[in-house]
2 protein chains.
Amino acid sequence: MAHRVISDDAFLEIALDLFRTYGFEGVSLKMLLDKTGLEKASLYYRYPAGKDQIVTTVAESVAAWFESNIFDLLNGTGTPRARISLVAERLKEFYLNGVKASILDVLSIQSGPEELRVVLRKMTQTWIDAFTKIATESGLDAVDARFRAEEALIRIEGSLIVARTVGSGTAFERTLKLLPDLLSLT
Amino acid sequence: MAHRVISDDAFLEIALDLFRTYGFEGVSLKMLLDKTGLEKASLYYRYPAGKDQIVTTVAESVAAWFESNIFDLLNGTGTPRARISLVAERLKEFYLNGVKASILDVLSIQSGPEELRVVLRKMTQTWIDAFTKIATESGLDAVDARFRAEEALIRIEGSLIVARTVGSGTAFERTLKLLPDLLSLT
DNA sequence: GTCTATATTAAGATAGAC
DNA sequence: GTCTATCTTAATATAGAC
């Protein structure tokens, strides 16, 4: 077969889609090779530590995406309500109306490298912190703001599970609509 | 090695613990054999269809346990608040304060047999129905009751994920405490 | 930096003795 | 109804040509 190339970004996007769909153990190198067109040895050239390194890189790239597309926006300018409504739109796209799973869910299962779980734990904390901050801006005291921030993330994750289990994104879309009120935003 | 026997119930309990910890693809037959003491051929004698059949049987046994320990109780006698508080206790035990994962979460990932997802979907619907019924008894209209029932399940599932990701059961235990209010129970 | 070819290990699965 | 022994396939991983 002739040389084939695929950018690192395109590779990671395909890998993300596979991992969030089938989980770490459910994705084989063969699936990654078939979807990306790479050959096995080329994959190992890019990621010498194999699947462990790929899944960790995927999680880091998602964390980076959230950083610049969700968290920075939450901490940005404009009214809290305007910011959260834009965040809800982007979450809706990232999770494809509840069709695509959360990596905080699927990849936090006890499998794969410990380093992966560290990345996910840090991303979770950053998310809760950002929600806490925007709730605080709306006048809530620190304890209540953090409480509501955790509740908001809980409902996002929980509604994604229910969406997946019953096969309908309704619950997830309703959660997104409620986000401003959940965080008590002005 | 001498003959070893293990009851079907004990086998399924060990299998449940493995599957909810490592997921379907994360559990190998070898892990099941090591934990149960059975040999491979004996396992196939009990479950000719192998891992697919085992995980489906596990899910069915959990569904049966919920039926008689959670759903029947929700549909039983006593004030709604008294019933839900007993249910919360049992959920706390089943999920070991948030340490153990939900099979509606871990086993609903796109892996394993389709039959498994059917069992999980049915169990989810039964759960939502039971929550809806008890909320209706407290005076909520049908639409609002169902709405709150879904929210309650969403928060249980979501708080289990957050508990697992951050490594603390606090969020899950708080959800259980809030259950009566979430369902607006009298 | 990607390829073909090969090696190694583990997983799922079955045959047949007891 | 469990066991030992064996089989087959798939997964991870590497060597070396281009």
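Both backbone and side-chain heavy atoms feed into the values below; hydrogens, waters and symmetry mates do not. Note that the structure is a prediction, hence the values are computed from the model and not measured. Every chain is numbered from 1 and lettered A, B, ... according to where its sequence line falls, protein lines coming before strand lines.
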Novice: Any idea which of dT2(D), dT2(C), dT14(D) is nearest the A41(A) side chain?
Specialist: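 Ranking dT2(D), dT2(C), dT14(D) by closest atom to the A41(A) side chain puts dT14(D) first.
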Novice: S28(B) side chain N/O closer than 4.0 Å to the phosphate oxygens (OP1, OP2) of dA11(C)?
Specialist: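 Answer is yes, contact under 4.0 Å.
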Novice: About how many Å separate CZ of R4(A) and CG of L38(A), when rounded to the nearest 0.5 Å?
Specialist: 7.5 Å
Novice: Pick one: which of V118(A), V55(A), V119(A) meets side-chain contact (heavy atoms from CB on, under 4.5 Å) with P113(A)?
Specialist: V55(A)
Novice: Could you tell me the separation between the NZ atom of K30(B) and the P atom of dA13(C), rounded to a whole number of Å?
Specialist: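 Going from K30(B) (NZ) to dA13(C) (P), I get 17 Å.
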Novice: Quick one: is the NZ or CZ of K100(A) closer than 6.0 Å to the six-membered ring centre of F94(A), and within 45° of its axis?
Specialist: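 Negative - K100(A) is either too far from the ring of F94(A) or too far off its axis.
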Novice: Does a side-chain heavy-atom distance below 4.5 Å link Y95(A) with R20(A)?
Specialist: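 They are in side-chain contact.
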Novice: Mind calculating the distance between NZ (K40(B)) and C1' (dT14(C)) to the nearest angstrom?
Specialist: 11 Å
Novice: Which whole-number value in Å describes the distance from L29(A) CG to dT9(C) C1'?
Specialist: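 Atom CG in L29(A) sits about 14 Å away from atom C1' in dT9(C).
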Novice: It should be established whether R46(B) places a side-chain nitrogen or oxygen under 4.0 Å from OP1 or OP2 of nucleotide dG1(D).
Specialist: no
Novice: Y44(B) has an atom OH; how far is it from atom P of dG16(C), in whole Å?
Specialist: 18 Å
Novice: Round to a whole Å and report the spacing from CD of E39(B) to P of dA13(C).
Specialist: 17 Å
Novice: Using the ring centroid of each side chain, check whether F11(A) and Y47(A) are separated by less than 6.0 Å.
Specialist: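 Under 6.0 Å, so yes.
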Novice: Could you tell me how far apart F11(B) (CZ) and dG1(D) (P) are, to the nearest whole angstrom?
Specialist: 15 Å
Novice: I need the CD1-C1' distance between I54(B) and dA11(C), as an integer number of Å.
Specialist: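 Checked: the CD1 to C1' distance equals 13 Å.
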Novice: Quick one: the side chain of K51(B) and the base of dG12(C), do they pair up donor-acceptor inside 3.5 Å?
Specialist: no
Novice: Check whether any side-chain nitrogen or oxygen of S42(B) sits under 4.0 Å from OP1 or OP2 of dG1(D), and answer yes or no.
Specialist: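 No.
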Novice: May I have the distance from Y47(A) (atom OH) to dT2(C) (atom C1'), rounded to whole angstrom?
Specialist: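 Nearest whole value for this atom pair: 15 Å.
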Novice: For dG1(D), does either OP1 or OP2 sit under 4.0 Å from a side-chain N or O belonging to Y45(B)?
Specialist: yes
